[in-house]
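Residue numbers begin at 1 in each chain, while the letters A, B, ... track the order of the sequences.
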There are 2 protein chains.
Amino acid sequence: MTNIRDLAREAEVSVTTVSRVLNDHPYVAEDKRRAVRDAITKLGYIRNQTAVQLSTGQTKTIGVMLPYVDHPYHAAILHGIAQCAFEEGYRFLTWQTNYIASHEQTVLQALAQREVDGLIIVSHSLSVDEILRYEQYGPIVFCEHHEDVSSVYINHYTAFQSGLKTLQSFGHTQIGICLGRPDSTNSRARKQAYQDTVAPADTAWIYQQALTIEDGADIARQWSNQSCRPSALLTASDHVAAGIILELRKQGYRIPEDLAVIGFDGSDLAVVLNLTTVAVPYETIGRQAFSIAISDNWRDHPQIEIPTALLSGLTAVEVKE
Amino acid sequence: MTNIRDLAREAEVSVTTVSRVLNDHPYVAEDKRRAVRDAITKLGYIRNQTAVQLSTGQTKTIGVMLPYVDHPYHAAILHGIAQCAFEEGYRFLTWQTNYIASHEQTVLQALAQREVDGLIIVSHSLSVDEILRYEQYGPIVFCEHHEDVSSVYINHYTAFQSGLKTLQSFGHTQIGICLGRPDSTNSRARKQAYQDTVAPADTAWIYQQALTIEDGADIARQWSNQSCRPSALLTASDHVAAGIILELRKQGYRIPEDLAVIGFDGSDLAVVLNLTTVAVPYETIGRQAFSIAISDNWRDHPQIEIPTALLSGLTAVEVKE
DNA sequence: GCTTGCCGTGAAACGCGTTCCATACATTAC
DNA sequence: GTAATGTATGGAACGCGTTTCACGGCAAGC
């Protein structure tokens with residue numbers, strides 16, 4: 001493997017001059033520049049990126065911590081990150097943590113070990129304090145709202161509230177909700193929105209641990225066995241909504257007549273099922289998170305709230321008396 | 001930032017000994033080992049991974065080239081890669097190319113520049129020959145079948161044939177197909193299967209450029225305007241199938257009575273729509289591709305064929321006369 | 001008693017590009 | 001005419017961990 005010292009010898013210049021040519025620095029005479037270029041071609045030189053990284057102390061790489069790369073919304077955030085990274089000449093390393101604390105530690109360790117210049121945390125199970133201990137090593141941007149932390153987020157409180165108010169405006173008073181991981185920041189905000197908007201909350205109408213299509217089907221069965229049921233359900237994700245709808249249709253119920261359902265995400269599933277859903281611009285979240293991660297004002301802990309929009313479908317329509 | 005020389009000074013040993021302790025090398029006396037460990041704690045030393053990479057010439061990183069990170073099947077492959085990478089102590093860099101040649105070049109360049117130890121090519125637009133020119137710099141594994149190339153793939157010919165034969169076994173003789181990118185390896189194999197199985201092929205029943213839900217809806221409109229229509233359709237993906245089914249239902253057609261539809265992928269959409277589909281174990285593809293990329297027999301160009309399975313749903317059932 | 005071989009340790013070279021600092025000449029400014 | 005700038009170039013240090021080689025000590029083998 002030829003290196004810049006070989007080039008210098010071949011072109012009869014110093015390594016400094018070679019480096020200057022490589023980096024398009026001015027202050028190199030045209031003939032020497034050409035000599036170096038010729039040497040590069042002749043020897044088939046290719047820059048060793050690792051050496052550049054060691055020398056400059058920059059990896060031009062951002063790390064991404066997320067639980068699952070193949071979940072639609074996380075993939076959408078990743079898509080935004082990928083676009084932005086390419087535009088800026090950055091790469092990104094993805095770590096799939098499955099919400100396992102030790103895996104998340106590995107990611108933080110990577111920041112400390114200077115494998116990446118910064119970190120985007122899409123979702124996590126470690127405490128924010130624990131994560132922030134690593135902020136001394138570089139920018140850490142969350143895709144969730146936390147106080148005094150760089151973050152790009154949607155306001156789950158208002159987003160959930162808009163879903164609930166939509167159901168209310170359609171005449172529903174018996175409204176239930178589905179939540180994902182019970183103790184996540186998002187779930188807490190959503191629960192609060194529920195308690196503030198549809199008070200007093202009946203805990204039997206809060207369905208926990210709703211994450212997948214299967215969870216949705218479970219909830220549907222739970223619902224159909226209840227003596228006192230809600231007439232409308234705001235779910236935690238389109239997947240859950242899909243599971244509910246499919247299971248209930250299988251059981252002969254009609255949507256939205258027997259149960260109005262609103263999803264969350266604005267995914268492909270929503271299109272297919274003509275689902276009313278709270279659309280979240282995940283791609284934008286990814287893009288914004290990336291730009292904070294590479295900006296130099298990340299120490300100011302910028303916070304960017306991304307608005308959501310209610311997407312009308314047929315699974316929640318006005319109740320006809 | 002403290003480095004191993006600082007540690008050596010603090011622990012009053014040589015840098016070699018420090019390095020040995022760091023790498024759990026034997027041949028270090030217990031007291032010196034402890035002295036180094038103490039120094040590490042005292043000075044808060046953290047290994048600089050970039051320096052390790054430069055020194056060892058290994059990045060312990062695999063690059064992944066794919067067109068879109070947020071397409072379900074690519075994300076599923078990524079999921080497999082992510083799992084395997086974590087287990088093996090590797091990281092992976094993802095490049096989203098959008099099938100743009102210059103972007104794909106960037107990825108190949110990264111291999112040459114030793115940013116990654118190897119490359120997994122999920123899908124590409126550059127020619128195989130062009131890509132293989134970079135094999136001198138490290139392993140390149142394809143997730144598609146090509147001769148004399150390391151690859152993990154599903155046999156699109158037999159997979160498509162199984163779909164076509166299923167339709168035939170249900171009594172269909174008027175069978176059409178949807179293809180994705182016209183000149184991709186996959187499309188060619190699929191077309192061949194079609195021509196061999198449902199001969200003679202009517203080109204009016206080959207719908208090209210079928211990639212998204214919207215494309216599916218377009219095809220549905222095309223189909224409904226044809227005077228001579230197929231009674232069954234084998235699509236290129238569940239997305240396309242979903243688009244077709246939704247558009248036709250909107251127009252008042254019944255599935256599968258008016259048109260039997262089989263999807264491809266075995267995605268969430270298939271579950272939701274109760275779609276008959278050719279299920280592909282994408283995760284397995286990712287895992288296998290990864291293990292080839294880090295194995296040392298990649299120069300033998302191992303080829304691994306992954307089997308597919310037909311998943312029965314309600315969108316293609318026996319034709320009742 | 002002498003050779004082999006294992007254990008333990010360190011100096012120095014290596015991988016490779018970047019950059020600080022010094023030097024030298026050519027302009028431009030006052 | 002002299003001082004201040006700008007252009008061009010190179011030597012050497014730097015970032016930092018790994019690894020080769022050499023060497024001293026000690027125990028087992030014959």
Side-chain angles (χ1 to χ4, degrees), chain A residues 1-37 39-40 43-61 89 109-117 137-138, chain B residues 1-37 39-40 43-61 89 109-117 137-138:
Chain A
M1 291 281 100
T2 84
N3 58 36
I4 56 167
R5 273 159 247 266
D6 299 330
L7 287 183
R9 202 172 311 121
E10 176 72 26
E12 297 183 312
V13 295
S14 70
V15 291
T16 313
T17 302
V18 175
S19 178
R20 288 213 183 89
V21 173
L22 252 25
N23 294 294
D24 287 319
H25 190 281
Y27 293 1
V28 178
E30 206 40 57
D31 57 329
K32 306 225 171 189
R33 195 180 293 274
R34 195 162 40 244
V36 172
R37 293 244 164 86
I40 290 174
L43 302 182
Y45 169 77
I46 296 175
R47 228 256 251 351
N48 183 326
Q49 199 58 37
T50 307
V52 177
Q53 285 177 19
L54 176 61
S55 194
T56 59
Q58 274 202 15
T59 60
K60 284 274 185 181
T61 304
Q109 205 59 24
L111 179 64
Q113 293 183 168
R114 284 154 255 156
E115 281 190 72
V116 294
D117 293 343
Y137 301 111
Chain B
M1 291 279 98
T2 84
N3 58 35
I4 56 167
R5 273 158 247 267
D6 298 332
L7 288 183
R9 202 172 313 120
E10 176 72 26
E12 296 181 312
V13 295
S14 70
V15 290
T16 313
T17 301
V18 174
S19 178
R20 289 213 183 89
V21 173
L22 251 25
N23 293 294
D24 286 321
H25 189 282
Y27 292 1
V28 178
E30 204 42 55
D31 57 328
K32 305 223 172 189
R33 195 180 292 275
R34 195 162 39 244
V36 172
R37 294 244 164 85
I40 290 173
L43 303 182
Y45 170 77
I46 296 177
R47 244 249 236 13
N48 183 327
Q49 198 59 35
T50 308
V52 177
Q53 286 177 18
L54 176 61
S55 195
T56 60
Q58 275 203 13
T59 59
K60 285 275 185 180
T61 304
Q109 205 59 25
L111 179 64
Q113 293 182 170
R114 285 158 241 141
E115 280 190 71
V116 293
D117 293 344
Y137 302 111

Asker: Rounded to whole angstroms, how far apart are CD on A:Q53 and P on C:dT19?
Answerer: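 It is 14 Å, rounded to the nearest whole Å.
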Asker: Verify, without hydrogens or angle tests, whether A:T59 (side chain) and A:D117 (backbone) share a donor-acceptor contact under 3.5 angstrom.
Answerer: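 Present.
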Asker: Which residues satisfy the side chain to side chain donor-acceptor pair (under 3.5 Å) test with A:S14, sequence neighbours excluded?
Answerer: A:T17
Asker: Could you pull out the protein-nucleic contacts involving nucleotides 24-26 of chain C (nitrogen or oxygen on both sides, under 3.5 Å)?
Answerer:
none

Asker: Without decimals, in angstroms, what is the distance between B:Q113 CD and C:dG17 C1'?
Answerer: 12 Å
Asker: On DNA chain C, check which nucleotide each of B:S14 and B:R114 is closest to and give me the residue with the more 5' one.
Answerer: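 That would be B:S14.
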Asker: So which pairs with a foot in residues 43-54 of chain A pass side chain to side chain donor-acceptor pair (under 3.5 Å), sequence neighbours left out?
Answerer: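 Of all non-adjacent pairs touching residues 43-54 of chain A, those that pass side chain to side chain donor-acceptor pair (under 3.5 Å) are A:N23-A:R47, A:Q49-B:Q113.
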Asker: When you check the phosphate oxygens OP1 and OP2 of D:dT5, does a side-chain N or O of A:Y27 lie under 4.0 Å from one of them?
Answerer: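 No, outside the criterion.
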Asker: Checking A:R34 now: which residues fulfil salt bridge (Lys or Arg N to Asp or Glu O under 4.0 Å) with it, not counting sequence neighbours?
Answerer: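 Result, salt bridge (Lys or Arg N to Asp or Glu O under 4.0 Å) vs A:R34: none returned.
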Asker: Atom CD of A:Q49 and atom P of C:dG17: how far apart are they, to the nearest Å?
Answerer: 10 Å
Asker: Does A:R114 have any salt bridge (Lys or Arg N to Asp or Glu O under 4.0 Å) partners at least two apart in sequence or in another chain, and if so, which?
Answerer: none
Asker: Where the side chain of B:L54 is concerned, which of C:dG15, C:dT9, C:dG17 is the nearest nucleotide?
Answerer: C:dG15
Asker: Rounded to whole Å, how long is the line connecting atom CG of A:N3 with atom C1' of C:dG15?
Answerer: 9 Å
Asker: Got a sec, which residues hit salt bridge (Lys or Arg N to Asp or Glu O under 4.0 Å) with A:R5, two or more places apart in sequence or on another chain?
Answerer: none
Asker: Any pair with a residue in residues 49-58 of chain B that passes salt bridge (charged side-chain N to carboxylate O under 4.0 Å, His left out), sequence neighbours left out, goes on the list, sorted by first then second residue, please.
Answerer: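 Sorted result for residues 49-58 of chain B: empty, none.
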Asker: Find the distance B:N48:CG to C:dC16:C1' and express it as a whole number of Å.
Answerer: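 Nearest whole value for this atom pair: 14 Å.
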Asker: Once you round it to whole Å, what is the distance between P of C:dG17 and NZ of A:K60?
Answerer: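 Rounded to the whole Å, the gap is 18 Å.
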Asker: Need to verify one output field. Residue with the more 5' nearest nucleotide on DNA chain C, B:K32 or A:I46?
Answerer: B:K32
Asker: For B:E12 and C:dG8, give me the distance from atom CD to atom P, rounded to whole Å.
Answerer: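 Taking CD of B:E12 and P of C:dG8, I get 20 Å after rounding.
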Asker: Please name all residues satisfying salt bridge (Lys or Arg N to Asp or Glu O under 4.0 Å) with B:D24, sequence neighbours left out, ordered by chain then number.
Answerer: B:R37
Asker: Are any protein N/O atoms closer than 3.5 Å to N/O atoms in nucleotides 18-22 of chain D? If there are, list each pair with its distance.
Answerer:
from   : atom 1 : to    : atom 2 : distance (Å)
D:dT18 : OP1    : B:N23 : OD1    : 3.3
D:dT18 : OP1    : B:N23 : ND2    : 3.3
D:dT18 : OP2    : B:S19 : OG     : 2.9
D:dT18 : OP2    : B:N23 : ND2    : 3.2
D:dT18 : O4'    : B:S55 : OG     : 2.5
D:dT19 : O4     : B:T16 : OG1    : 3.4

Asker: Return the value, rounded to whole Å, for the distance between atom CZ of A:R9 and atom C1' of D:dG10.
Answerer: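 The distance from CZ of A:R9 to C1' of D:dG10 comes to 15 Å, rounded to the nearest Å.
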Asker: Step by step, would you call B:V15 with B:N3 a side-chain contact (heavy atoms from CB on, under 4.5 Å)?
Answerer: CA-CA 10 Å; B:V15 290; B:N3 58 35; over 6 Å; no
